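What follows is one structure encoded as structure tokens, with my remarks underneath.
No hydrogens, no waters, no symmetry mates; every other heavy atom, side chains included, goes into these values. So that the names make sense, note that chain A is the first sequence line, chain B the second, and so on, each numbered from 1. Computed from a predicted model, the values in this text were never measured in an experiment.
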Amino acid sequence: MKIQTDMDLQKTLFCGQFFRSQVQEDGYEIFFRDKRIFARKDQGNLLVQGQVSQEEIRDFFDLDRDYKEVEKALRKYSFLKEPLDLARGIHLLRQDLWEVIITFILSANSNIPRIRKSLFALCQNYGPKLEDDFGPYYGFPQPEDLRDVRREDFREKIKVGYRDQYLEKTTKLILAGQVNLEDLKKTDDPQEALKDLMKLSGVGEKVAHCILLFGLHNWRGFPVDVWMRRILKENFPGRKESDYQELAQTLFGPYAGFAQQTLFYYAKTQKMGGKKE
DNA sequence: CCCCAGGTCGTCA
DNA sequence: TGACGACATGGG
């Protein structure tokens with residue numbers, strides 16, 4: 001499959017929104033929604049192998065959105081210009097809600113390589129065994145797959161540390177219907193969604209915004225993490241940290257999530273100096 | 001040995 | 001509300 005796009009595959013996969021991909025000799029192995037694909041970029045084309053439809057690819061990689069328009073709208077903020085240039089080509093992936101919930105519960109007070117490791121271990125231990133033309137692989141475990149897992153096993157096999165109880169409790173809450181994922185997907189009020197998400201164990205305000213943005217694909221989401229605090233403090237001295245969330249919503253409105261991802265990528269790249277994490 | 005990593009939770013004023 | 005420490009684990 002060959003699709004023309006300006007998306008930068010490398011940046012999109014490794015900017016910190018997604019953790020289930022691996023570098024191959026020539027491209028990337030990518031796991032999403034129980035699918036496994038191999039993808040690479042050749043000139044302006046995205047080349048994809050795997051048992052997926054073009055519609056699925058266009059949807060997951062958000063290929064039908066006009067990112068130029070978004071960038072244009074955000075360029076009025078001078079402190080965003082350099083980050084926007086650097087992050088050009090990043091698309092926000094339309095990931096599965098449940099997977100995003102688990103992913104960002106694990107992200108709290110952790111680091112990207114470790115999050116990636118834990119997620120792969122989670123799939124290997126509890127995910128469904130699947131197979132495609134390229135061979136066997138593991139899908140992401142569903143809530144039912146984690147129903148009877150003991151927290152000690154989360155800790156010992158997945159190395160999630162004290163987050164073991166978050167996984168256990170959140171799984172139970174969702175299985176019990178205390179938080180209904182299908183209803184969440186239909187919610188159009190972001191505040192309502194955030195409030196509901198924060199009922200889950202291990203989900204505070206920051207993680208809830210990650211889930212809103214990456215799992216519900218609502219760009220009103222703006223996760224305020226250590227990097228956002230540093231950047232906002234620099235550009236808006238005098239503002240209280242407790243106002244940062246609202247400040248970002250006011251400034252960036254419907255593009256808040258993309259602005260956040262842009263700033264996050266910029267901050268990390270500056271700090272890393274091109275190193276891999 | 002230290003500090004940090006896409007924070008959250010419980011507690012106490 | 002607002003501040004503070006605990007919490008597993010791995011890397012630098």
Side-chain angles (χ1 to χ4, degrees), chain A residues 11-21 83 86-87 90 92-93 95 99-122 125 149-173 179 194-216 218-233 239-246 248 252 256-277:
Chain A
K11 288 184 198 170
T12 297
L13 291 177
F14 295 97
C15 65
Q17 63 174 321
F18 183 68
F19 304 92
R20 295 192 61 219
S21 59
L86 189 69
I90 289 182
L92 293 189
L93 297 171
Q95 301 181 59
E99 182 169 335
V100 168
I101 289 172
I102 297 304
T103 297
F104 284 89
I105 285 174
L106 294 186
S107 78
N109 198 24
S110 189
N111 56 67
I112 291 175
R114 190 178 164 204
I115 299 165
R116 179 171 275 110
K117 261 190 204 169
S118 290
L119 289 174
F120 274 96
L122 184 70
N125 278 278
V149 179
R150 301 174 313 134
R151 67 174 62 180
E152 298 79 34
D153 288 331
F154 282 135
R155 190 173 287 227
E156 288 160 20
K157 296 184 182 172
I158 318 297
K159 306 294 182 191
V160 295
Y162 63 87
R163 303 170 192 79
D164 58 350
Q165 54 181 328
Y166 298 160
L167 292 187
E168 185 184 48
K169 289 179 184 170
T170 286
T171 298
K172 286 191 184 344
L173 282 167
V179 175
L194 289 168
K195 190 179 136 198
D196 222 28
L197 287 168
M198 287 174 67
K199 291 178 189 165
L200 298 172
S201 179
V203 179
E205 189 169 26
K206 187 269 175 182
V207 170
H209 273 268
C210 285
I211 299 170
L212 180 65
L213 179 58
F214 302 131
L216 290 173
N218 187 322
W219 285 28
R220 298 271 174 188
F222 187 95
V224 177
D225 57 24
V226 288
W227 302 99
M228 293 311 109
R229 278 193 281 277
R230 284 170 200 166
I231 291 167
L232 291 174
K233 185 173 296 180
R239 301 269 192 149
K240 287 178 293 182
E241 286 198 4
S242 54
D243 291 338
Y244 284 174
Q245 188 70 61
E246 199 184 335
F252 308 130
F258 189 77
Q260 197 274 358
Q261 198 57 30
T262 297
L263 288 170
F264 181 79
Y265 181 77
Y266 177 72
K268 296 279 285 188
T269 307
Q270 298 292 304
K271 184 205 155 208
M272 309 291 300
K275 276 184 295 183
K276 281 185 231 171
E277 209 171 336

(Q) Is the phosphate of C/dA8 approached by A/R155 (side-chain N or O, under 4.0 Å from OP1 or OP2)? (A) yes
Closest approach to the side chain of [X], judged atom by atom: which nucleotide of [options] is it?
X: A/R163; options: C/dA8, B/dT8, C/dG11; result: C/dA8
X: A/K117; options: B/dT8, C/dG10, B/dA5; result: C/dG10
X: A/R230; options: C/dG10, B/dG7, B/dA5; result: B/dA5
X: A/R114; options: C/dG11, C/dA8, B/dT8; result: C/dA8

(Q) Within the structure provided, determine whether A/R229 and A/V224 are in side-chain contact (heavy-atom separation under 4.5 Å). (A) yes
NA contact type, [X], heavy-atom cut-off 4.0 Å: base, sugar-phosphate, or nothing?
X: A/Q261; result: base
X: A/F214; result: base
X: A/G202; result: sugar-phosphate
X: A/L200; result: sugar-phosphate
X: A/E205; result: sugar-phosphate
X: A/V160; result: nothing

Q. Distance between the P atoms of B/dT11 and C/dA8, in whole angstroms?
A.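 About 15 Å, rounded to a whole number of Å.
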Q) If we take the P atom in both B/dA5 and C/dG2, what is their distance in whole Å? A)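 The answer is 24 Å between these two P atoms.
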Distance, rounded to the nearest Å, where [X] contributes [atom1] and [N] contributes [atom2]:
X: A/K268; N: B/dA5; atom1: NZ; atom2: C1'; result: 7 Å
X: A/L173; N: B/dC9; atom1: CG; atom2: P; result: 11 Å
X: A/M198; N: B/dG7; atom1: CE; atom2: P; result: 15 Å
X: A/R116; N: C/dG11; atom1: CZ; atom2: P; result: 14 Å
X: A/E152; N: C/dA8; atom1: CD; atom2: P; result: 12 Å
X: A/N109; N: C/dA6; atom1: CG; atom2: P; result: 13 Å
X: A/Q165; N: C/dC7; atom1: CD; atom2: P; result: 11 Å
X: A/R229; N: B/dC4; atom1: CZ; atom2: C1'; result: 14 Å

Q: Please figure out whether A/S201 or A/D225 has its closest DNA chain B nucleotide nearer the 5' end.
A: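 Result: A/D225.
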Q) Start at the 5' end of DNA chain B and walk down; is the nucleotide closest to A/W227 or to A/A208 reached first? A) A/W227
Are any side-chain N or O atoms of [X] and backbone N or O atoms of [Y], one a donor and one an acceptor, separated by less than 3.5 Å?
X: A/K233; Y: A/E241; result: no
X: A/H209; Y: A/G221; result: no
X: A/Q17; Y: A/F214; result: no

Q. On DNA chain C, nearest-nucleotide positions of A/K240 versus A/Y166: which is more 5'?
A. A/K240
Q. Which residue, A/D164 or A/S242, contacts DNA chain C at a nucleotide closer to its 5' end, judged by nearest heavy atom?
A.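 Of the two residues, A/S242 wins.
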Q | Aromatic ring pairing A/F258/A/W219, orientation class (parallel under 30°, perpendicular over 60°, tilted between) | A |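 Geometry flag for A/W219 against A/F258: parallel rings.
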**Q.** Passing candidate, side-chain contact (heavy atoms from CB on, under 4.5 Å) with A/L167, options A/I101, A/V160, A/I158
**A.**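 Going through A/I101, A/V160, A/I158 one by one, the side-chain contact (heavy atoms from CB on, under 4.5 Å) with A/L167 is satisfied by A/V160 alone.
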